[in-house]
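The block underneath contains the structure these notes are about, expressed in structure tokens.
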Amino acid sequence: MKSFRDFMEEKVREYYCSPREKFSAGGDFFTAPELDRVFGEAIADFLYHRLREFEEPAILELGAGRGLMARDILSYYRQRDPDLFRRLRYFIYEMSPSLIDRQRKVLRDFENVEWISRFPKIEGVILSNEFYDALPVHVVKEGRELYINEEGEEVWLSLENERVKEFLERMGYASLKQRIEVCLDCIELLRELSESLIRGYHLVIDYGYTSEEIHRFPEGTVLGYKKHSISGDIYREEAMDISAQVNFSALMEYGKDFRLKTLLYDSQRNFLASIPHFLSELESLGFEESPEAVERLSRLKTMLISMGDRFKVLFQSKDL
Ligand SMILES: C[S@@+](CC[C@H](N)C(=O)[O-])C[C@H]1O[C@@H](n2cnc3c(N)ncnc32)[C@H](O)[C@@H]1O
């Protein structure tokens with residue numbers, strides 16, 4: 001018997017470390033960097049003036065997938081500001097050896113990229129897209145915690161974990177009569193990231209909710225994805241991507257303990273629509289008639305419309 005948290009951690013690791021295709025049409029899901037290069041470029045534009053402030057700027061990306069966002073951010077700076085590009089270091093924290101291989105290939109033209117297993121001390125930006133939702137969660141309900149037995153069945157045992165109990169109290173969830181997901185790993189990660197970040201910013205893009213919205217998920221938010229659809233049987237399927245939506249209120253609340261100050265929390269749609277580079281690409285594609293431009297325009301609209309509300313952006317600063 002294991003806790004749901006341990007079960008999820010094992011499954012996610014197995015899934016990402018296996019060599020099978022995960023991304024795009026032949027895989028299990030699309031992410032925004034997979035849709036179009038403008039996603040990474042827009043992030044680069046958003047961060048541009050902030051990064052220039054640092055003498056030795058660095059970006060640390062968590063969970064870089066196929067490396068496309070890194071490629072698009074670096075290509076954007078190489079073109080827009082060769083001086084910044086020369087000074088910039090790009091670190092990738094990634095657990096999957098097969099994805100690291102692919103990232104190395106995609107990023108082979110960039111000498112300033114390094115793969116790390118421990119967080120370095122940096123000044124700059126720590127960023128991630130669809131990373132936090134892969135971190136394992138404790139699942140609790142009315143004083144009990146979810147476990148999975150050897151037969152793949154759910155078993156509810158008395159909640160004993162003191163840190164989970166403290167979380168429920170602090171977030172004001174203790175009396176809620178619904179499934180609640182508690183990501184202690186997210187909080188531990190925030191602590192480590194804040195130690196790594198001497199000064200700078202933390203940018204999180206992911207699907208998630210706040211405390212005000214938690215009642216919309218009475219059965220929780222854990223899902224398994226396979227071949228672009230939600231799979232019903234997360235306990236028996238072999239390789240599957242399991243995720244839990246990110247509790248952004250928790251990242252904002254616990255961030256305070258680590259001097260991470262929230263500067264912005266908004267939908268991906270509003271975020272992208274506020275970035276000049278994204279808007280100018282959108283506009284120029286609107287004037288073109290080639291099939292490629294029409295296709296790209298529809299992908300940009302997907303980032304704004306179907307993904308735009310589900311995905312949220314959290315932007316925090318440390319010691320600035
Ligand atoms: C859903 S994919 C997103 C990839 C990429 N950011 C994108 O948007 O296309 C999640 C990524 O996080 C990595 N990952 C998941 N859990 C991790 C962990 N605990 N430590 C390091 N990397 C992890 C996966 O291997 C994968 O690269």
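In each ligand, atom 1 is the first atom listed, and ligand 1 is the first ligand listed. For the single chain, residues carry numbers from 1 onward in sequence order. In this text, all values refer to a predicted model and were calculated from it rather than measured experimentally.
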Minimum-distance protein heavy atom relative to atom 8 (O) of ligand 1:
Asn129 ND2, 2.7 Å
Note: Glu130-Arg310 ion pair, threshold 4.0 Å (strictly below)
no
Within the supplied structure, the quantity of interest is the number of heavy atoms (other residues, nucleotides, ligands) at a distance under 6.0 Å from Glu142 CD; does it exceed 12?
yes
Heavy-atom contacts with Ala134 under 4.0 Å: which atoms of ligand 1 show up? List them by number with element.
15 (C), 16 (N)
Considering Tyr16, Phe30, Tyr132 one by one, which has a heavy atom nearer to atom 24 (C) of ligand 1 than any of the others?
Tyr16
Candidate with minimal heavy-atom separation from atom 27 (O) of ligand 1, of Met95, Glu94, Arg13:
Glu94
Atom 23 (C) of ligand 1: closest protein heavy atom, distance to 0.1 Å, is Phe131 CE1, 3.4 Å
Proximal atoms of ligand 1 relative to Leu99 (non-hydrogen, under 4.0 Å):
25 (O), 26 (C), 27 (O)
If the cut-off is 4.0 Å to any non-hydrogen atom of Gly65, which atoms of ligand 1 fall inside it?
4 (C), 5 (C), 27 (O)
With a 4.0 Å cut-off on heavy atoms, does Glu130 reach ligand 1?
yes
At under 4.0 Å between heavy atoms, is it the side chain or the backbone of Thr31 that contacts ligand 1, or both, or neither?
side chain
Could you please spell out the steps behind the salt bridge (Lys or Arg N to Asp or Glu O under 4.0 Å) verdict for Glu53 and Arg50?
CA-CA 6 Å; Glu53 296 295 308; Arg50 295 167 170 105; over 6 Å; no
Electrostatic pair Arg89:Glu56 at N-O distance under 4.0 angstrom
no
Mark yes or no: Arg80 above the aromatic ring of Phe85, with NZ or CZ under 6.0 Å from the six-membered ring centre and no more than 45 degrees from the axis.
no
Give the residue and atom name of whichever protein heavy atom lies nearest to atom 5 (C) of ligand 1, and the separation in Å to one decimal.
Gly63 O, 3.5 Å
For ligand 1, which atoms sit closer than 4.0 Å to a heavy atom of Tyr93?
20 (N), 21 (C)
According to a 4.5 Å side-chain heavy-atom criterion applied to Ile, Leu, Val, Met, Phe, Trp and Tyr, with indirect links allowed, do Ile122 and Ile43 form part of one hydrophobic cluster?
no
Any side-chain heavy-atom pair from Pro136 and Val12 closer than 4.5 angstrom?
no
Between atom CZ of Arg199 and atom CZ of Phe54, what is the distance when rounded to the nearest 0.5 Å?
5.0 Å
